[in-house]
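See structure below.
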Amino acid sequence: MSRKLRMGMVGGGPGAFIGGVHRKAAAIDGKIELVAGAFDIDPAKSMAMGRELCLDSSRVYSDFREMIAKETALPAERRIDFVAVTTPNNWHFPIAKAFLEAGFNVMCEKPMTMTLAEAEELEQVVKRSGKVFGLMHNYPAYPMVKLARDMVKSGRLGEIRKVVVQYAQGWLARAIEKQGQMQASWRTDPKQSGAGGCVGDIGTHAENLAEYVTGLRITDICAETTSFIPGRPLDDDVNVLLKFNNGAKGILHASQISIGEENGLRIWVYGSDAAIEWYQEQPNHLTFKPLDKPVEIWSRGNGYVGEISPAAARGTRVPAGHPEGFLEAFANNYSNFADTILSKAAGKEPDALMNDFPQVADGVRGMAFIEAVVKSAKSDRKWTKFE
Ligand code: NAD
């Protein structure tokens with residue numbers, strides 16, 4: 001197809017966080033253009049956003065149902081190819097399901113749904129639809145995370161023994177939801193966020209990262225959750241012990257009350273021969289620690305990275321020393337998602353490099369994780385199966 005894919009968006013209205021990130025990231029590689037949207041729960045704000053983005057006003061809608069009806073009525077050569085769902089969590093399932101059933105591809109924010117049952121239902125809807133479904137876990141999309149995954153896969157670390165993953169933030173250390181702070185308000189409300197607070201919002205990123213990098217599956221968890229702010233109905237801090245399917249052990253810690261931490265996602269993987277460490281706030285470097293040898297700092301954009309990890313090279317746009325980060329990671333998922341849609345449209349199955357973006361199975365896993373953590377915490381830290 002010698003054209004850009006046409007993108008629609010639900011969510012991402014005035015003052016929203018992640019919708020704008022999706023819009024910028026989707027545009028980075030020139031494969032996608034935004035043409036339509038229902039940007040806000042308030043129709044007037046959706047229209048205002050459409051004007052700000054200079055969109056054709058006939059393609060800016062009051063809500064997602066109107067968007068589906070009117071987009072479906074357009075000729076195929078004008079209709080959106082996919083929708084990005086960037087609303088709070090409670091809307092992901094109904095919106096993603098409705099677009100898939102109407103024949104559109106979907107890129108959806110995490111956590112995928114409100115419950116595991118919904119996630120499993122959505123997995124069936126994706127299968128039946130034959131459409132491409134991406135889940136925006138952006139952290140596996142960093143080149144140095146792909147390198148870490150490929151180092152583990154190629155056996156450089158030996159047998160994996162221990163995984164420590166932490167996601168620490170401090171922005172919910174005060175009850176800012178009581179002052180109407182937009183992002184805090186819905187995240188601390190179980191009706192909009194789901195059964196997990198911090199565990200759903202960022203704990204799922206940590207869980208997804210640990211499984212992506214190691215290629216292992218977490219089988220058992222023992223969790224403690226806390227809400228440090230009086231009256232806050234959802235957890236704002238979570239500590240989890242992990243067991244993996246190869247016998248490795250792990251610790252996952254996620255927190256939104258850790259003052260001084262900004263977006264402190266960090267992973268350490270310890271094998272029998274070497275260890276690796278990656279830190280999201282310095283994403284262009286991966287630390288490799290071989291047994292009895294000096295510690296090495298591997299740097300994104302160098303040829304030696306691409307020799308081990310073609311996926312890391314594919315997700316790199318500028319040379320070493322010219323930092324890439326958050327937006328480019330989102331762009332990497334969008335690029336692979338777009339190539340997968342184009343490949344399927346041409347009647348070909350996507351190759352493994354293209355297919356390397358989080359999908360519906362990752363969303364099911366994330367929801368199972370939230371439910372297992374909540375269950376274990378409620379039963380006074382009982383070991384709980386997570387399979
Ligand atoms: P936000 O509060 O900043 O923005 C939400 C937007 O969605 C608002 O414009 C709101 O009006 C709109 N909205 C709500 N219901 C809607 C509906 N039914 N139809 C149309 N628009 C609707 O929230 P945010 O921080 O951008 O988070 C949005 C989602 O993105 C959440 O699911 C969150 O978990 C996820 N997120 C992911 C990452 C990541 O790194 N992948 C980072 C931040 C947020």
Side-chain angles (χ1 to χ4, degrees), residues 8-26 36-50 52-53 60-68 83-99 107-114 134-142 145 167 169 171-172 176-177 180-189 191-194 196-209 234 254 256 262-265 280 283 325-334 357-358 362-363 366-367 370:
M9 174 171 281
V10 182
F17 170 31
I18 216 67
V21 171
H22 280 249
R23 289 192 290 266
K24 292 179 184 83
F39 295 104
D40 203 282
I41 191 77
D42 174 349
K45 289 188 181 167
S46 178
M47 299 305 152
M49 197 70 230
E52 191 179 319
L53 295 166
V60 184
Y61 303 106
S62 296
D63 64 42
F64 78 90
R65 290 185 188 87
E66 185 200 7
M67 179 167 166
I68 292 174
V83 69
V85 183
T86 66
T87 61
N89 308 347
N90 57 316
W91 287 103
H92 296 174
F93 174 68
I95 295 174
K97 181 169 185 277
F99 274 93
M107 174 63 87
C108 185
E109 262 304 343
K110 47 46 64 180
M112 190 166 78
T113 55
M114 292 285 275
L135 185 75
M136 192 46 89
H137 275 301
N138 44 307
Y139 297 106
Y142 283 79
V145 172
Y167 200 154
Q169 300 179 337
W171 69 290
L172 290 178
I176 54 174
E177 64 271 27
Q181 205 273 2
M182 181 170 163
Q183 283 76 25
S185 299
W186 68 259
R187 277 178 172 81
T188 53
D189 172 7
K191 290 200 184 73
Q192 296 180 77
S193 190
C198 172
V199 62
D201 197 35
I202 58 175
T204 49
H205 277 308
E207 164 266 322
N208 181 262
L209 184 67
L234 289 174
Q256 293 179 311
E262 293 177 341
N263 202 37
L265 175 62
Q280 193 278 153
F326 192 70
L327 289 173
E328 289 87 349
F330 276 72
N332 286 343
N333 275 344
Y334 266 112
F357 61 95
D362 298 87
M367 293 314 302
I370 295 170

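Worth saying up front: this structure is predicted, and the values here are computed from it rather than measured. Whatever order the structure lists ligands and atoms in, that order sets their numbers, starting from 1. When reading the values below, keep in mind they use all heavy atoms of this one structure, side chains included, and skip hydrogens, waters and symmetry mates.
- In terms of polar-atom proximity, defined here as any N/O pair under 3.5 Å, I41 does make such a contact with ligand 1.
- Residue M67 does not touch ligand 1, judged by heavy-atom distances below 4.0 Å.
- Where the criterion is an N or O separation shorter than 3.5 Å, residue side chain and backbone included, G13 meets it with respect to ligand 1.
- For the ligand labelled ligand 1, residue K45 lies outside the 4.0 Å heavy-atom shell.
- Residue contacts with ligand 1: W186 is placed with a nitrogen or oxygen under 3.5 Å of a nitrogen or oxygen of the ligand (distance criterion only).
- At the top of the distance list for atom 19 (N) of ligand 1, counting protein heavy atoms only, stands V10 CG1, 3.7 Å.
- Selection from G20, P88, G11, A329 by nearest heavy atom to atom 14 (C) of ligand 1 gives P88.
- Neither the backbone nor the side chain of D42 has any atom closer than 4.0 Å to an atom of ligand 1 (non-hydrogen atoms only).
- Heavy-atom proximity to atom 43 (C) of ligand 1, evaluated over F64, F17, Y61, is greatest for F17.
- Contacts of W91 with ligand 1, taken as heavy-atom pairs under 4.0 Å, involve the side chain alone.
- Protein heavy atom closest to atom 40 (O) of ligand 1, with residue, atom name and distance, is N138 OD1, 3.0 Å.
- The proximity of H205 to ligand 1, defined as any non-hydrogen pair under 4.0 Å, is limited to the side chain.
- With respect to atom 16 (C) of ligand 1, the closest heavy atom belonging to the protein is T87 CG2, 3.7 Å.
- Contact check for L135 versus F357: no side-chain heavy atoms found under the 4.5 Å cut-off.
- From the protein, the heavy atom lying nearest to atom 8 (C) of ligand 1 is M182 CE, 3.6 Å.
- Pairs engaging residues 83-97 under the salt bridge (Lys or Arg N to Asp or Glu O under 4.0 Å) rule: K97-E101, K97-E121 [sequence neighbours left out].
- In A38, the part holding a heavy atom less than 4.0 Å from any atom of ligand 1 is the backbone.
- Checking only distances, I18 does come within under 3.5 Å of ligand 1, N or O to N or O.
- Near M136, the atoms of ligand 1 lying under 4.0 angstrom from a non-hydrogen atom of the residue are 41 (N).
- The proximity of H92 to ligand 1, defined as any non-hydrogen pair under 4.0 Å, is limited to the side chain.
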